[in-house]
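Below is one structure, written out as structure tokens, with a few remarks after it.
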Amino acid sequence: IKLNMKNVNIHVLAGNPLLRPYAQMIKKEANKAARMISKYIHLSEMDIVIAHRPENIGSAGSGRISMQIKNKHLANIAIDVKHKYFKKFFYIDLLEALAYTSYRIVRLQKVGYSKNLLEDCIEDGLAFNFQTEVTGDKFEPYFMAMKNIKAFKRVVLKAKKEFYSTRYSHDDWFDGSKKRNIQQFAGYIIGYALIKHFLKINPHFMPSQLIGKKAKYFDLR
């Protein structure tokens with residue numbers, strides 16, 4: 001099978017003695033996951049750094065893994081090799097994390113960095129829906145379960161007024177703001193919901209086919 005990848009480098013930081021016993025397993029599973037993802041999108045010019053960094057993993061989600069996009073060629077994946085379910089769920093955790101990070105990087109390479117709130121929401125909304133496309137997992141991301149429907153509708157109306165603002169606060173919309181009555185993860189929730197709705201009314205599309213589309217394409221107002 002010809003891999004749809006070029007200059008994709010996965011680095012496992014095995015200097016940490018806690019990670020070292022798992023280094024070969026991690027590299028093997030990461031390469032397996034990357035090959036799987038490359039069936040959906042073309043991966044190129046990226047470095048993925050995997051390290052034991054439990055201090056970088058928040059309490060939300062599984063608590064086993066987290067992702068951070070550094071730029072259009074680099075992403076960090078933090079794992080916790082001491083987590084009691086580390087080995088049991090490692091491949092699916094890594095597949096989801098790599099699907100998200102590689103999609104975000106490829107999209108950055110195609111459309112550039114976000115300049116307004118809508119673009120920021122769409123970046124994550126597409127990437128999280130792409131996770132579902134790759135894994136086949138029908139469960140919604142952890143942050144969707146935290147929303148209150150009425151509060152969500154209010155925050156969506158507020159977000160729409162700022163969609164094209166270039167002076168929006170990323171922290172307010174993605175980390176939450178009590179002062180502005182914006183719930184935690186609002187930006188992720190809005191982006192995920194927008195893309196899910198778009199896919200529902202356009203069932204001939206998959207997230208992998210939308211990777212180069214501008215954010216305004218998904219503004220269905």
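For the numbers below, each heavy atom of this structure counts, side chains included, while hydrogens, waters and symmetry mates do not. Just so you know, these numbers come straight off a predicted model, no measurement behind them.
A side-chain donor-acceptor contact under 3.5 Å links His42 and Asn4. Side-chain atoms of Asp47 and His11 form a donor-acceptor pair, as typed in the model, at a separation below 3.5 Å.
Checked against Phe185 for a ring pair (Phe, Tyr, Trp, His ring centres under 6.0 Å), the options Phe152, Phe174, Tyr142 give a single hit: Tyr142.
A heavy-atom distance below 4.5 Å is not found between the side chains of Glu133 and Gln131. Side-chain contact between Lys214 and Ile122 is absent, with no heavy atoms from C-beta onward closer than 4.5 Å.
Considering CG of Asn116 and CZ of Arg167, their distance stands at 14.5 Å, rounded to 0.5 Å. Distance check: Ser102 OG to Arg107 CZ gives 14.0 Å after rounding to the nearest 0.5 Å.
Salt-bridge formation is not detected for the pair Asp219/Lys160: no Lys NZ or Arg NE/NH1/NH2 atom is positioned less than 4.0 Å from an Asp or Glu carboxylate oxygen. By the 4.0 Å N-to-carboxylate-O rule, Arg180 lies close enough to Asp172 to be salt-bridged with it. A salt bridge links Lys196 with Glu140: at least one charged nitrogen is closer than 4.0 Å to a carboxylate oxygen.
Phe218 does not carry Lys213 over the face of its six-membered ring by the limits of under 6.0 Å from the centre and within 45° of the normal.
Note: Phe130 and Tyr40 have perpendicular aromatic rings, judged against thresholds of 30 and 60 degrees for the angle between ring planes.
No side-chain donor-acceptor contact under 3.5 Å links Tyr188 to the backbone of Trp173.
For Phe90 and Tyr22, the distance between ring centers is not under 6.0 angstrom.
Within a 6.0 Å radius of CZ in Phe89, other residues, nucleotides and ligands contribute more than 12 heavy atoms.
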